[in-house]
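Sharing a structure with you now.
What you see is a predicted model, and the numbers here were worked out from it, not measured in a lab.
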Amino acid sequence: NTNGQIGDVSLISKRKPVVTAFNKDPLVITEIVAEERAFDNKFDDATVNELENLTEELLSKYEQNKNDKFIDRSNMKVIVANDAREFIEAIGSNREIILTSKAVYDITSVLLEDFDNEKVYVRYEYNGPELVISNVVNLIIRSESSKLAELLVSPTYADVLNFEDSRNIFIEGVKAGHGPVRGYCDGGVFSFKRCSNIYINNSVLYGCGTQGIELSNVENFILDNSIIEDCTYHLMTVKESKDIVFMNSKFRNTEEFDLIEISDSQNILFDSCEISGNQTNPSYSIFGIQNVEPKLIVKDTDIKDNIAGYLQSYKGDIYFKNITSDNNVFTKHIYKVD
């Protein structure tokens, strides 16, 4: 006990057990923050009016006839793709590619062989190839019916589809992820870089990969009536992008870092969504927000059954309106910086 390690406030060695000087009341290891307080942030009237006007502007811009606003159908070539090779070879500008819901489109199997298409190229990641679609304008990829068509890649570090320097992209009725056996992996699902006018509807982006959506330098993007689930790092990453709307969609069963990561972006809206069943590492948040102007807007959304270290970094980062919350646990605090 020469260094006081017995804990009886002495430096005298003891040969028998002694009572320590610690508080005898049970120790509180973690404070669980009441979720009723989590979404109770107030803004001044001028800020509220600005955010309400922005919400109305974004919804009026995108709520009706979204695909017609993004796609010019005047010169479209319609192609039915029966397998992955036909799908990849059909990719190009002014194309409507129809996928059969009976097939599984194994993209990786084609990338390991030769094919001819100037609008796509193969990029090799750590453990395999991934498909990159570049400089395409007016492209529709959709299922033939209400049943989802499945896009699949096998390298665990590859994204399913990458778009670069493209615009007017419409994806509908697609289920996309890694397989055939799901497992922990480092590739995402859909990535868009330097793109504009993107509309994804009625689709499922499932994980085992890092994230469902990655947007970098993107303008005018909608995810509508879709699901992002079972991802290993994030639900999404949005950076240096503008006019981004997530609506009528579900974001669920994902771990481990900041789930919704948005930085250096403008006019971002979540409307009528569900964020549920997610769990972060104790050091991370549901919303990881940096430099989003004027504020991230989350409206008419259910946020439930999540476990996270924090809700968000700063109290003023997000404008919540008509939030339904239930059974959320914030193990550290509501805000990283209070």
Other residues, nucleotides and ligands only: do more than 12 of their heavy atoms fall within 6.0 Å of CZ on R167?
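It does not: R167 CZ has 12 such atoms or fewer within range.
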N-O pairing of K299 and D271 below 4.0 Å
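Judged by the 4.0 Å cut-off on N to carboxylate O distance, K299 and D271 do form a salt bridge.
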Does the distance from a Lys or Arg side-chain N to an Asp or Glu carboxylate O, for E130 and R123, drop under 4.0 Å?
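Yes, E130 and R123 are salt-bridged.
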Would you call K295 and L54 a side-chain contact if the rule is heavy atoms closer than 4.5 Å?
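Side chain of K295 against side chain of L54, heavy atoms only: no contact under 4.5 Å found.
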Flag the pair F163 / V136 as yes when at least one side-chain heavy-atom distance between them is below 4.5 Å, and no otherwise.
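Sidechains of V136 and F163: no contact.
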Between D165 and N135, do the side chains contain a donor N or O and an acceptor N or O under 3.5 Å apart?
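Their side chains do not contain a donor-acceptor pair, so the 3.5 Å distance test is not met.
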What distance separates L99 CG from S143 OG, expressed to the nearest 0.5 Å?
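One finds 7.0 Å between CG of L99 and OG of S143.
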Using only atom types and a distance under 3.5 Å, with no angle test, would you say the side chain of N306 pairs donor to acceptor with the backbone of K304?
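Indeed, once roles are kept as given, a pair shorter than 3.5 Å links the two residues.
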List in chain and number order the residues that pass salt bridge (charged side-chain N to carboxylate O under 4.0 Å, His left out) with D243, two or more places apart in sequence or in another chain; answer none if no residue qualifies.
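Listed in chain order: K61.
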Return the CG to OG distance between L152 and S109, rounded to the nearest 0.5 Å.
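L152 CG to S109 OG: 9.0 Å, rounded to 0.5 Å.
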In the single-linkage hydrophobic clustering (I, L, V, M, F, W, Y; side-chain heavy atoms under 4.5 Å), do V137 and I91 co-cluster?
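As far as the 4.5 Å side-chain criterion goes, I91 and V137 are not connected within one cluster.
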Determine, using the 4.5 Å side-chain heavy-atom cutoff (strictly less than), whether Y310 and F39 are members of one ILVMFWY cluster.
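Result: no, two separate clusters.
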Steps toward side-chain hydrogen bond (donor to acceptor under 3.5 Å, both in side chains) verdict (S196, E219)
CA-CA 5 Å; S196 62; E219 186 169 352; over 6 Å; no
Would you say D44 has more than 12 foreign heavy atoms packed within less than 6.0 Å of its CG?
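Yes - once you tally the heavy atoms of other residues, nucleotides and ligands closer than 6.0 Å, there are more than 12.
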Lys/Arg-Asp/Glu bridge criterion (N-O < 4.0 Å) met for E52, K321:
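Counted as a salt bridge, because a side-chain N and a carboxylate O are separated by less than 4.0 Å.
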Side chain to side chain contact (heavy atoms under 4.5 Å, CB included) between E261 and Q211: does it pass, once the steps are laid out?
CA-CA 10 Å; E261 196 171 82; Q211 57 194 342; 6.0 Å; no
Non-hydrogen side-chain atoms of L311 and F320 separated by less than 4.5 Å:
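With C-beta onward as the side chain, the pair touches.
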When you check the side-chain N and O atoms of Q290 and S263, is any donor under 3.5 Å from an acceptor?
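No pair is found: no donor N or O on one side chain lies under 3.5 Å from an acceptor on the other.
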Side-chain heavy atoms of I198 within contact of F190, under 4.5 Å:
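A side-chain contact under 4.5 Å is absent here.
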Is S272 close to N248 at the side-chain level, that is, under 4.5 Å between some pair of heavy atoms?
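The answer is yes; the side chains approach within 4.5 Å.
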N/O donor-acceptor pair under 3.5 Å between K336 side chain and G309 backbone
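No, K336 side chain to G309 backbone: no donor-acceptor pair under 3.5 Å.
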Report yes or no: do Y335 and I323 belong to one cluster of Ile/Leu/Val/Met/Phe/Trp/Tyr joined by side chain heavy-atom distances under 4.5 Å?
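In one cluster: yes.
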N225 side, atom CG; I222 side, atom CD1 - distance, nearest 0.5 Å:
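Answer rounded to 0.5 Å: 12.5 Å.
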When rounded to the nearest 0.5 angstrom, what is the spacing between OG1 in T301 and CG in L269?
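Rounded to the nearest 0.5 Å, the OG1-CG separation comes out at 8.0 Å.
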Does any non-hydrogen side-chain atom of E256 lie less than 4.5 Å from one of Y284?
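Y284 does not reach E256 side chain to side chain.
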Treating S226 as the side-chain partner and N202 as the backbone partner, does any N or O pair qualify as donor plus acceptor under 3.5 Å?
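The answer is yes, because a donor-acceptor pair under 3.5 Å joins these two groups.
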Got a second to check how far Q312's CD is from D317's CG, nearest 0.5 Å?
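Answer for the CD-CG pair, Q312 versus D317, is 5.5 Å.
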Any F330 side-chain heavy atom under 4.5 Å of I286 side chain
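F330 reaches I286 side chain to side chain.
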Output, in order, the C-alpha distance, side-chain angles, deciding distance and verdict of side chain to side chain contact (heavy atoms under 4.5 Å, CB included) for I200 and I213.
CA-CA 11 Å; I200 300 173; I213 289 287; 4.0 Å; yes
Should the heavy atoms of other residues, nucleotides or ligands under 6.0 Å from OH of Y314 be counted, would the total exceed 12?
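Not more than 12 within 6.0 Å, no.
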Can you find a side-chain donor-acceptor pair between E50 and Y319 that sits under 3.5 Å?
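Result is no, nothing qualifies.
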Does atom CG of D116 have more than 12 heavy-atom neighbours from other groups under 6.0 Å away?
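At most 12 heavy atoms, drawn from other residues, nucleotides or ligands, come within 6.0 Å of this atom.
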Looking at every non-hydrogen atom in both residues, tell me the closest pair between F43 and V48 and how far apart they are.
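Heavy atoms of F43 and V48 come nearest at O-CG2, 3.7 Å.
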Using a cut-off of 6.0 Å, state whether more than 12 heavy atoms not belonging to E113 lie near its atom CD.
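Correct, the count exceeds 12.
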What do the steps show when you test H234 against L259 for side chain to side chain contact (heavy atoms under 4.5 Å, CB included), and what is the final call?
CA-CA 4 Å; H234 325 273; L259 297 173; 5.9 Å; no
Just checking, is any N or O donor in the side chain of T156 or N127 under 3.5 Å from an acceptor N or O on the other one?
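Yes, because at least one side-chain N or O of T156 sits under 3.5 Å from a partner of the opposite role on N127.
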With distance as the sole criterion, is a donor-acceptor pair present between the side chains of N168 and N197 under 3.5 Å?
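Yes, a side-chain donor-acceptor pair sits under 3.5 Å.
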Quick check for you: to the nearest 0.5 Å, what is the distance between L235 atom CG and N253 atom CG?
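Between L235 CG and N253 CG, I get 9.5 Å after rounding to 0.5 Å.
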May I ask you to decide if I88's main-chain N or O and N117's side chain share a donor-acceptor pair within less than 3.5 Å?
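Such a contact is found between N117 side chain and I88 backbone.
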E144 and T100: side chain donor to acceptor below 3.5 Å
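Judged by distance alone, the side chains do pair up.
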Anything under 30° is parallel, anything over 60° is perpendicular, the rest tilted; go ahead and classify F270 against F246.
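The arrangement is parallel - the two ring planes meet at less than 30°.
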Min side-chain heavy-atom separation R73-I140 under 4.5 Å
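In contact.
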